[in-house]
S.K.: 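Starting off with a structure, shown below.
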Amino acid sequence: MMASGDKDRSLEHLLRQASAAGPAPSGLGPCLDAEALAAWADEGLSPRALAMAEAHVSECARCQAMVAVLMKQPPVQAADAHRSWKWSLGWLVPLGAGVAAVSLWFAVPQRTTPIDSSRPFSRARIETPSAQAPASPPSTLADRVQPVPPQAAVGAERAASADARSKPVNELAKAEASNALRRDESVSGARPAEETPRRGALASQDALGRLAAEPSAVSAAASPLAAPAAAAERDRAFRQDAADARQVASPDPSVRWRIGAGGSVEVSSNGGGSWQTQASGVTADLTAGSAPAPSVCWVVGRGGTVLRTDDSGRTWLRVAFPRAVDLVGVQAIDGVTATVTASDGRVFRTTDAGRTWQ
Amino acid sequence: MPALPIDEATVQRQFDRAGAARWQLEIDVFVAALHASASKAFGGDIPGARELGRYLDSLHAEDLALACACAAGHAAAWEHFVLEFRPVLYRSADAIDPTGGARELADSLYADLYGLTEREGARQSLFRYFHGRSSLATWLRAVLAQRHVDRLRAGRRMEPMPEPEAPSARAAPAAWSNPERTRYVALVRQGLGRALAGLEARDRLRISCYYGQEMTLAQIGRLLGEHEATVSRNLARTRKAIRQDVEQYLRAEAGLTDAAVEECFQSVVDDAGPIDLNEMLAAGDDRKTSGSLRSK
Ligand SMILES: [Zn+2]
């Protein structure tokens, strides 16, 4: 006769292979956006919103993966705490208020009182640790008391062997390998823009577009549950956003540039009706441009890439730039004066066509 | 948007609390941010003034002001943000992918935060989606987590489908020589799918976090506001309920004898093959339509 513990282990074996048991029932609502996810982690959701979030995530592989990635991150460190410290002492209050609460609030130091019952949007934290002793989980749960180090083995093999449990497995590998491949086919039609992997800033432009399409609480665009028509419309909108983001208008409405990944530069002389590819001479992803005159355009990109043309793009000049930082913005006054912004926020300016930068 | 009852005194109090003057933030911009935040939190409902006041007091006001100022293009605010939050973002990226793969995501995030796109002459910064319900640091981590997950998923979608036979062939072919075992494993999976579908959301979430996402008890506890020991107890309770549900399914609905039920569980142990999600999903659907065990 098989003991119930053995039966449990049989089931655990299956549970590890499939985290989400089924598709989210219709009406459960779309995926959590990053803001709601963060609010959840920081106890900023109303009880109703929290219940809805839990209901959705309990059945959504994508959201489960996001939650896991967020919650597995190590606590915010001293430098961050210092910021709060500087602004307010409020985050010190929880000392003595319970280990669970302290660990959470240490992870995310706040300036408000952590277990402040007057804070209506906080989940009531009524539990207190029963003792100093470590949690004593039943039998097979015992090995999970220690934090799992963050894993990033993207190619983690879907080890279904009996010892899979003891191996560090990417948080996504299991849920994704078992769920995404099959289930996502059914929903991928709702968000075709995600079908092609994109890189760097261009991908982020899409993400920006996706966020732009979600003015309300939740990201319907990213949801497998969105009504197809609405999803298609949002998808169209965010692809348009992404396209817009890479277009550089000039003072002449008929002249515009389009830039993109791999050093791609195109020009249109009929307001975007048709495009001609130009030779930029670089392969870096281009992120931003500025055209102060119809024939003059500055373009910046990854790895300190700065390009300039004074002849409507017949020739693109590589402008020397002192640092190999990713550039994310450019504002040009004319062919000799421009200001560029790096991804770390630094701003560089030239007034001699890029011979010197300050 | 219907007007929310935010009076001038409230606005001023929040403005002061947020230290918004530090960034020369226009009060109208801040008011708009408060409205946007409350609209999202109340989902279009109009709260009473007191409820709204409590909500506004719960916001991470300094962070909200900083985000507003950055979105509005205030240079000092942006400088401060970069200085204070770049380490947060990079640490987060390194935690997600110690090989540095997520740094690119963090870098690209800056472009969106800075607001490269313009609409009607105004910069469109990602900051406009920050509503102060969390700290700015947590929000940044969440945005990064979302992008990381979506990138992985997009990548996986590009991979070819595995050959259906291959994994089974790789795994213990002996176990599959018995056709009865194949059926047993399928039945257990079906029962499991139904049992999971019948759980309370919170119980299902806990199970998914633990088994599917391999989160620690502490991490799950932080997420659900439970102590580790409680997480552990609840997991054990749910696991027991699942087992009983599956056994019940195998006996009552699949009509198996006790011996055959034993066989079923043993077959799962022997089966190193992958789970058939389609089967599982079908079971979940079945469960929803019949609703037989759901109300339990
Ligand atoms: Zn979701």
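Keep in mind that this is a model prediction, so the values were computed, not measured. Each chain gets a letter, A, B and so on, in the order the sequences are listed, and its residues count up from 1.
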S.K.: Taking it one step at a time, do B:Ile96 and A:Gln73 satisfy side-chain contact (heavy atoms from CB on, under 4.5 Å)?
M.R.: CA-CA 7 Å; B:Ile96 288 173; A:Gln73 296 195 15; 3.5 Å; yes

S.K.: Minimum heavy-atom separation for B:Tyr129 and A:Glu35, please, with both atom names.
M.R.: O-CG, 3.1 Å

S.K.: Might you point out which heavy atoms bring B:Trp139 and A:Ala38 nearest each other, and give the distance in Å?
M.R.: CA-CB, 3.5 Å

S.K.: Nearest 0.5 angstrom please: B:Leu192 CG to A:Glu12 CD, how far?
M.R.: 11.0 Å

S.K.: So which atom in A:Val69 and which in B:Ala145 form the shortest heavy-atom distance, rounded to 0.1 Å?
M.R.: CG1-CB, 3.6 Å

S.K.: Name the region of B:Glu79, side chain, backbone, both or neither, that has any atom closer than 4.5 Å to a heavy atom of chain A.
M.R.: neither

S.K.: Which atom names give the shortest non-hydrogen contact between A:Ala39 and B:Ser134, and what distance separates them?
M.R.: N-CB, 3.7 Å

S.K.: How long is the gap from CG on A:Leu37 to CZ on B:Arg141, to the nearest 0.5 Å?
M.R.: 11.5 Å

S.K.: What distance separates B:Lys40 NZ from A:Asp33 CG, expressed to the nearest 0.5 Å?
M.R.: 3.5 Å

S.K.: Would you name the heavy atoms of B:Leu224 and A:Trp40 that are closest together and state the gap between them?
M.R.: CD2-CZ2, 4.5 Å

S.K.: Could you grab the distance from atom CG of B:Asp203 to atom OG of A:Ser58, nearest 0.5 Å is fine?
M.R.: 9.5 Å

S.K.: Taking only residues two or more places apart in sequence or in another chain, which ones pass ring pair (Phe, Tyr, Trp, His ring centres under 6.0 Å) with B:Phe81?
M.R.: B:Trp78, B:Phe85, B:Phe127

S.K.: Between B:Thr138 and A:Leu70, what is the shortest heavy-atom contact and its length?
M.R.: O-CD1, 4.2 Å

S.K.: What is the distance from atom CZ of B:Arg133 to atom CG of A:Asp42, rounded to the nearest 0.5 Å?
M.R.: 11.0 Å

S.K.: Distance from A:Glu54 atom CD to B:Arg202 atom CZ, nearest 0.5 Å?
M.R.: 4.0 Å

S.K.: Test side-chain contact (heavy atoms from CB on, under 4.5 Å) on B:Gln146 and A:Arg62 and set out the steps.
M.R.: CA-CA 9 Å; B:Gln146 183 189 45; A:Arg62 173 178 181 253; 3.6 Å; yes

S.K.: Heavy-atom count around B:Arg237 CZ within 6.0 Å, excluding the residue itself: above 12?
M.R.: yes

